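Just so we're clear, the structure is a prediction, and the values are computed from it rather than from any experiment.
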Amino acid sequence: MVAVVPNAIDPGIAASSRLASIACSAAVMADIGWNAWVTVFGLGMVGNLAAQIFRILGARVIGVDPMASRREVASRCGIEHTG
């Protein structure tokens, strides 16, 4: 995919928005019900965003990642259950 990014938009923001769209796709494809439990494996940028989207949609989210620093970031972003 190639997209022309206007000069007024920071290239870092433009690149990040593509990753956010991947995270959104996970929520759309999952088609979860209200108050469902969702486990997200991997809390890098895409996984963290996906976990936040699922939480906003009403899911109870468990974030799993072997890196403590990623689990800490997820916790600060509102993901209550990490491991």
Side-chain angles (χ1 to χ4, degrees):
M1 181 176 139
V2 175
V4 177
V5 177
N7 291 333
I9 297 177
D10 179 273
I13 298 295
S16 298
S17 67
R18 178 65 183 129
L19 296 176
S21 71
I22 295 167
C24 286
S25 296
V28 170
M29 297 301 291
D31 191 29
I32 61 164
W34 178 258
N35 209 28
W37 281 96
V38 174
T39 303
V40 176
F41 292 93
L43 294 171
M45 186 170 178
V46 174
N48 186 308
L49 288 169
Q52 290 181 62
I53 291 166
F54 282 119
R55 184 182 58 80
I56 290 167
L57 291 174
R60 295 174 287 174
V61 179
I62 302 168
V64 179
D65 197 291
M67 294 179 63
S69 60
R70 288 182 175 183
R71 294 191 306 269
E72 173 59 30
V73 170
S75 293
R76 290 194 319 253
C77 291
I79 308 306
E80 294 182 28
H81 308 285
T82 61

Measuring only between side-chain heavy atoms, which start at C-beta, is Thr39 closer than 4.5 Å to Val64? yes
Ile53 and Ala27: which non-hydrogen atoms are nearest, and at how many Å? CG2-CB, 3.6 Å
When rounded to the nearest 0.5 angstrom, what is the spacing between OG in Ser16 and CG in Asp10? 8.5 Å
Calculate, to the nearest 0.5 Å, the distance between atoms CD1 and CG belonging to Ile56 and Leu49 respectively. 9.5 Å
Check whether any side-chain N or O of Arg60 sits under 3.5 Å from a backbone N or O of Asn35 as a donor-acceptor pair, and report yes or no. yes
Sequence neighbours excluded, every pair satisfying ring-ring contact (aromatic ring centres under 6.0 Å, His included) that has a member inside residues 39-58: none
Can you tell if the side chain of Arg71 reaches within under 4.5 Å of the side chain of Leu43, non-hydrogen atoms only? yes
Thr82 to Ala74 - nearest heavy-atom pair and separation: CG2-CB, 4.2 Å
Could you check whether any side-chain N or O of Arg55 sits under 3.5 Å from a backbone N or O of Val61, counting only pairs where one atom can act as donor and the other as acceptor? no
How close do Ala23 and Ala50 get, counting heavy atoms only, and between which atoms? CB-N, 3.5 Å
Under the side-chain contact (heavy atoms from CB on, under 4.5 Å) rule, what do Ile32 and Val38 come out as? Steps first, then yes or no, please. CA-CA 8 Å; Ile32 61 164; Val38 174; 3.9 Å; yes
Derivation and outcome, side-chain contact (heavy atoms from CB on, under 4.5 Å), residues Val73 and Asn48: CA-CA 8 Å; Val73 170; Asn48 186 308; 3.6 Å; yes
Exercise: identify the closest heavy-atom pair between Gly47 and Val40: O-CG1, 3.5 Å
Verdict with reasoning, Ser75 to Glu80, per side-chain contact (heavy atoms from CB on, under 4.5 Å): CA-CA 6 Å; Ser75 293; Glu80 294 182 28; over 6 Å; no
Student check: side-chain heavy atoms of Pro11 and Val5 closer than 4.5 Å: no
Do the side chains of Val46 and Met67 join up, straight or via other hydrophobic residues, at under 4.5 Å, putting them in one cluster? no
